[in-house]
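Shown next, in structure tokens, is the structure this report addresses.
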Amino acid sequence: MDIQTKNDARKYLFELAGEYSSSAKADLSYLDISEREKVVLSIDDEQDISHGIHLRLAGHGYDVRTAKHGLDGYRMAFSLHPVAILLDYNMPFVDGEQVLLGLRENPLLAAIPVILISGKVDDRTEARLLKIGAYAVMRKPIEFERLVLLLDEISGRHQEDHPAAEEPLPV
């Protein structure tokens with residue numbers, strides 16, 4: 001599909017959802033739950049931010065997989081079925097809100113908690129994102145202590161369940 005507008009991108013998301021939904025096992029019993037509890041999917045077009053998130057969260061026992069844009073991330077969510085998704089709000093073609101809507105409308109992905117991350121989100125937009133299903137909204141620069149607490153809450157882990165991080169890494 002030739003994606004030129006946000007409407008084209010949204011249509012494409014739903015086409016992908018149809019393809020993956022019909023081919024995926026309905027009960028998702030093939031997933032190793034103990035491994036899934038460590039996997040976090042980070043969808044961000046800024047690779048420096050994704051790399052920083054990867055490094056910081058690895059120090060807390062999380063296996064962070066990265067996607068460079070919304071469509072890749074949406075596809076990866078089907079195969080990874082991560083414990084949580086970190087989703088940039090401002091991305092080209094398919095923005096974070098469109099990806100969030102696509103995730104929430106697909107029964108295979110609807111239960112995955114999504115934390116929206118953005119440097120440019122106002123209070124009204126944040127309220128709308130929470131209403132349509134975001135687990136949380138974080139503003140850049142990311143407060144990593146808060147992010148780790150949210151991920152620990154989502155995964156049911158406690159601070160003592162994972163190794164202490166080395167020296168903090170700048171992002």
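Note that this is a predicted model, so its numbers are computed, not measured. Heavy atoms only: backbone and side chains are in, while hydrogens, waters and symmetry mates are out.
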With rounding to the nearest 0.5 Å, note down the distance linking CG in Leu150 to CE in Met138. 6.0 Å

Please tell me if the side chains of Ile132 and Arg104 come closer than 4.5 Å, counting only heavy atoms from C-beta onward. no

Taking all non-hydrogen atoms of both residues, which atom of Ala134 and which atom of Leu100 are closest, and how far apart? N-CD2, 3.8 Å

When every non-hydrogen atom of Arg146 is compared with those of Ala136, the smallest separation belongs to NH2-CB, 4.4 Å

Non-hydrogen atoms of Val99 and Gly70 that approach each other most closely: CG2-CA, 3.7 Å

Evaluate the criterion side-chain contact (heavy atoms from CB on, under 4.5 Å) for residue pair Met91 and Asp88; output intermediate values, then yes/no. CA-CA 7 Å; Met91 292 185 290; Asp88 185 25; 3.6 Å; yes

Report the distance from atom OH of Tyr89 to atom CD of Glu97, rounding to the nearest 0.5 Å. 4.5 Å

Side-chain heavy-atom pair Lys68, Asp45 within 4.5 angstrom cut-off: no

List the steps and the verdict of salt bridge (charged side-chain N to carboxylate O under 4.0 Å, His left out) for Asp44 and Arg65. CA-CA 11 Å; Asp44 198 315; Arg65 309 293 174 91; over 6 Å; no

What I want to check is whether the side chains of Ser118 and Asn90 have a donor and an acceptor closer together than 3.5 Å. yes

Student check: side-chain heavy atoms of Ile115 and Val137 closer than 4.5 Å: no

Could you grab the distance from atom CD of Glu126 to atom NZ of Lys131, nearest 0.5 Å is fine? 15.0 Å

Apply side-chain contact (heavy atoms from CB on, under 4.5 Å) to Thr66 and Met76, showing your working. CA-CA 9 Å; Thr66 59; Met76 289 175 69; over 6 Å; no

Between Asp72 and His69, is any pair of side-chain heavy atoms under 4.5 Å apart? yes

Is any side-chain heavy atom of Ile85 closer than 4.5 Å to one of Leu103? yes

Hey, are Arg128 and Asp123 close enough for a salt bridge, meaning a charged N less than 4.0 Å from a carboxylate O? no

Greater than 12 external heavy atoms within 6.0 Å of Gln47's CD: yes

Please confirm whether the backbone N or O of Asp95 pairs with a side-chain atom of Gln98, one donor and one acceptor, at under 3.5 Å? yes

CD1 on Ile53 to CD on Glu46, rounded to 0.5 Å: 10.0 Å

With no hydrogens and no angle check, just 3.5 Å: does a side-chain donor-acceptor pair link Tyr62 and Asp152? yes

Minimal heavy-atom distance between Ala84 and Ile154, with the atoms involved, is CB-CD1, 4.1 Å

Is there side-chain contact between Leu147 and Leu57, with heavy atoms separated by less than 4.5 Å? yes

Atom pair NE2/CG of His81 and Leu108 - distance to nearest 0.5 Å: 7.5 Å

Closest non-hydrogen atom pair between Pro82 and Ala77, with its separation: CD-O, 3.9 Å

Any side-chain heavy atom of Tyr74 within less than 4.5 Å of one from Leu109? yes

Mind running side-chain contact (heavy atoms from CB on, under 4.5 Å) on Val40 and Leu151 for me, showing each step along the way? CA-CA 9 Å; Val40 173; Leu151 291 173; 4.2 Å; yes

Should Ile117 and Leu87 count as side-chain neighbours, where that means a heavy-atom distance under 4.5 Å? no

Spatial distance of atom CG (Leu80) from atom CG (Leu41) [nearest 0.5 Å]: 6.0 Å

